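Notes follow once the structure below has been shown.
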Amino acid sequence: MTKIIRKINRMLGGSSYKGGMRRKHRVWFRRVLWLMSALVLLGIFYVIYLDFTVRAHFEGKRWEIPSKVYARPLELFAEKDITTDQLLDEITALRYQRVVRVVRPGEYSRTGDRVDIYTRGFEFHDGSEAPRHLLMRFSANRLIELRDVETESEATIVRLEPIAIGGIYPRIKEDRILIRIKDTPELLIKTLIAVEDRDFYQHKGIAPTAILRAFIANIRAGGVVQGGSTLTQQLVKNFYLSEKKSLWRKANEAIMALQLEWHYEKNDILEAYFNEIFLAQQGARAIHGFGLGSQYYFAKPLEELNTAEIALLVGIVKGPSFYDPRRHPQRARERRNVVLKVLAEQGIISDLSLARALKQDLGIARNQPGGISPYPGFMELVQRQLHRDYQEQDLETSGLHIYTSLDPFVQKQIQSAMTKHIARLENQRRFEPGFLQGAGIVSDSNTGEIIALSGDRYQGAAGFNRALDAKRPVGSLLKPFVYLTALSQPSDYHMATLIDDSPMDWTLTDWKDWAPKNYDAQSHGPVPLYQALANSYNLATIRLGMQLGLENIIETLHLAGIERDIPALPSLILGAIELSPYETIQAYQVLASGGFYSELKAIRAVTNNQGELIQRFPLEIKQVFKPAPVYLLNQILAHAMKTGTGKRAYRLLPEDFHVAGKTGTTDDLRDSWFAGFSGDRLAVLWVGNDDNQPAGLTGSSGALEIWSELMATVAYQSLELNPSEDVSTVYVDPETGELSNKSCAEAIEIHVIEGYDWMQSNQPCESNRTVKKIRDKIERIRQWLN
Amino acid sequence: MLLLRVSFLTAIILLLNACASHAPRVVSGEFEQATENTNKGLDENATASSPADENTIALIETKKSSSFDRRQQASIRLYDQATTLYEQQEYDKAAAVLERGLRLSPKNAYLWQGLAQVRLAQLQYKQAEQCARKSNALARGNRDLKELNDEIIFASHKARLSATP
């Protein structure tokens, strides 16, 4: 044993046992000291690291907010065409509260044809709209009076805030509406502090006294009514740490809470808390923050919540799932009442307010506003247009506000007309339910803004968007562009130029097997140009198209905005070209706006979540056709609606409401199309089968039915056609297509583009016909000789 | 300041120049009878020159209404707002307000002309020219308006030429 001790002493350098022990202690002490110093240093580094984490995350906190997409704001002015029900639909979607007496923004009352409303106001990208108390009176589907209650004068023009129609979400769908502390109701702040952290404004991040007080309060209440963590600790936990319950996490939480308090103002911490707190889970969408929580539970903005609602919202913080008022209303009510009593105990609300609030219903909105848009077809178009300018990640997390041109009323009408008529057509033709599909788009006929889009016959159906992606032969929808090509050559063609509608001999050409006929299987001989188009005669159109040259027709189509390659085949003349409804409406947009091209768009502007403008999508136009030929063409298309292929529309439209349009039918009745416009609306409809089976429908018996019902409800301005200065009126003989005069019995009045030779020779009534007869005879002899 | 030159003229002419015609609407497939005033408005604003049949083409014509159209007040208000913004050189906002006006009154040649002037101020010469052309297409014999539009077209054209190296 002694040997061993000596050996150790030698190793330690000692000379005796006692001296060795002292040395040994000193060494151990030194070692412990070193170890402790190292630990303290490590601790300091760790605290510095936590401090860095706290500051970096808090200052650089970029809230991940999905972009929100809005419909167009409803414009209100005296004499606007709008029914009381339309207005009520709009303000119901905006979650205005119906009350007996209107006193604050977000409220309205209705008595018969009068609506009293207090608008909320809105910060638009082109100016702000202040909240206004308005009185409206309606008569005969029109707003006839719009008065500002405060100024007691007529309000010239007012716009409501736009309806949110959807969001663009990342895969982890964390959603929130950012709020600022200065805009937060004081009662909410007081309630939260009273319930969650009474000493918030006194402590430095952690509050031992709060833990003690919570402990006592919980014993008194016989359950957990208060937590011991401060708001700062709760925020730290949500921001930086996991849900795992451990001492290590608690320690971290305490340190970070102290650091957060050291660096930041109380109100900054509170504001972060308001926006971070988790309040509900709606499918894959997590509802964060009181701003969105208020919308989710009560369908109104935070500033419109009453005492009981604020108490419930704060009460839910403790356990969003456990106190979910939709699933557990009784539990939620009890929790709310506990909160209300705490408020009364602390003198924040009076006993009277307490008694009143305790009696109130929970006030939970029945239809919680969902994150999924009811307009998936339109939303898809918006996303495609956005992706040209924005990264996916920015759209999902930057909280952009995207203002679109969607009109929810028009959208509702197109969807209901499609659903109703397609089911009826299916039934009539004894197809299996679901055999027929449809797509439709409505645009502003002057600006090219898309105001409604449906890619499926069923409301809200997502998936294949036929309006954007279904490429189908357009049939006779193409004919107007053949005739526009002709009318753009005024030296050779006018509205009454005779076009031969007799069968063509294709045997000497490369298209021997092609034998197109008229839909009625008749040939009509020489017909005036306007009749050939109005009645959609195939033979006359083919002959005209071949005279014009396929390249010229293709050029017209490209000018009208059809970008794809178009093969130069004669069948093109009869619409054997596959286009989507979106491409079709682009081409018709040029006709509806008098020869001016404007690219279709669904987005007006994008702002950031502070409302600052990021991008505007301005109205841009380009004249691609002279006004006069388009004017003449539109006159013919309007005539087609009155007497030709589109006349079925006037079963629903008033006689004196002018529209222009064209039917489209394809081989074996596979596709039914209609494209047409009034003074304010352009709509294209398609009905058919997804697998290209015969649908048994012409353009007139299918798509036109839907179009007519739609236009009867959403179009307000009759088509006005303004002749340009180079257009004048002449009389022609419809049998010869040549100039006649007013006194001739058969003469018809047409508009022509001035300044061409054929207009110089005004013949007596009969002479033209005689000349024509001679010409016809010469032609027949020539053909016989050939 | 072209915009200033026309603003007063515009205000007066817009009041007298109703351009939107009006139709009684159909609800649930039934024609709803419009009021007497609505029908009167219809007759005044747009008519077909003769009854349509298959062999004669009934040309749509537009007649000027002399009646005071309250709906135009909204457009005038927006035009005034745009004028103020133009004077403050807030061209983007002025354009946005004019576009808002054009959604209400798309056939209003004055609003198109206003937009042309804003585009000119923004040095967007092609758009200035196109908007002036659109205004011309809707001006219907209004010489003053056309003269100003032609000035804009000329100025835009000249600016484009001088900008081309």
Side-chain angles (χ1 to χ4, degrees), chain A residues 75 77-81 125-127 139-142 156-157 444-447 449 495 530-531 534-535 594-596 605 616 618-623 627 635-636 638-639 642-644 652-654 656-658 679-680 709 712-713 715-722 724-725 734 748-751, chain B residues 19-27 29 31-35 37-38 42-43 45-50 52-62 69-71 73-74 76-78 81 85 92-93 95-97 99-100 102-104 106-107 115 126-127 130-131 133-134 136-138 140-141:
Chain A
E75 301 271 8
F77 48 91
E79 301 297 317
K80 182 183 174 73
D81 299 286
H125 63 92
D126 56 358
S139 178
N141 302 333
R142 194 174 298 174
T156 315
I157 181 164
D444 180 313
S445 56
N446 299 283
T447 63
E449 286 188 334
M495 287 170 98
Y530 72 85
Q531 263 187 37
N535 295 309
F596 285 83
R616 223 168 65 73
L619 170 61
E620 289 184 346
I621 57 169
K622 183 183 176 189
Q623 188 172 21
Q635 285 283 10
I636 301 172
H639 180 66
K642 286 281 164 68
T643 67
L652 287 177
L653 295 175
D656 45 12
F657 189 74
H658 302 302
D680 56 347
E709 182 164 316
T713 50
Y716 299 107
Q717 292 177 19
S718 177
L719 181 67
E720 287 185 12
L721 296 173
N722 300 316
S724 48
E725 281 176 351
I748 61 163
E749 185 188 21
I750 61 164
H751 280 178
Chain B
C19 67
S21 64
H22 224 264
R25 297 176 49 248
V26 179
V27 178
F31 287 129
E32 280 203 0
Q33 287 301 312
T35 61
N37 284 339
T38 313
L42 251 173
D43 293 339
N45 287 327
T47 57
S49 61
S50 60
D53 66 48
E54 229 177 296
N55 299 317
T56 58
I57 181 159
L59 298 170
I60 297 172
E61 286 176 2
T62 307
D69 189 338
R70 289 169 69 202
R71 278 172 295 164
Q73 283 184 1
I76 295 170
R77 168 61 66 89
L78 293 174
Q81 263 182 36
L85 289 164
D92 204 40
K93 281 189 177 171
V97 171
E99 285 178 26
R100 192 179 157 201
L102 284 168
R103 284 184 208 112
L104 311 182
K107 300 272 166 37
L115 193 57
K126 277 188 185 173
Q127 275 308 300
Q130 292 297 330
C131 291
R133 285 186 189 283
K134 179 82 179 182
N136 264 347
L138 299 165
R140 293 169 61 200

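Just so we're clear, the structure is a prediction, and the values are computed from it rather than from any experiment. Numbers restart at 1 for each chain; the letters A, B, ... are given by sequence-line order, proteins then strands.
Both the backbone and the side chain of Q623(A) come within contact range of chain B, judged by heavy atoms closer than 4.5 Å. In this structure, chain A has no heavy atom under 4.5 Å from any part of N136(B). Using a 4.5 Å cut-off between heavy atoms, T156(A) contacts chain B through both its backbone and its side chain. Residue L78(B) touches chain A through its side chain alone, counting heavy-atom pairs closer than 4.5 Å.
Of the listed residues R616(A), E449(A), E75(A), H125(A), the one with more heavy-atom pairs under 4.5 angstrom with chain B than any other is R616(A).
Residues R77(B) and Q81(B) have side chains in contact (heavy-atom distance under 4.5 Å, counting atoms from C-beta outward).
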Derivation of the side-chain contact (heavy atoms from CB on, under 4.5 Å) call for R100(B) and I157(A): CA-CA 11 Å; R100(B) 192 179 157 201; I157(A) 181 164; 3.7 Å; yes

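In terms of modelled atom types and a separation under 3.5 Å, the side chain of N446(A) and the main chain of G679(A) share a donor-acceptor contact.
The residues R142(A) and E79(A) are annotated as salt-bridged, a charged nitrogen and a carboxylate oxygen being separated by less than 4.0 angstrom. Here D126(A) does not pair with K93(B) in a salt bridge; the nearest charged N to carboxylate O distance is not below 4.0 Å.
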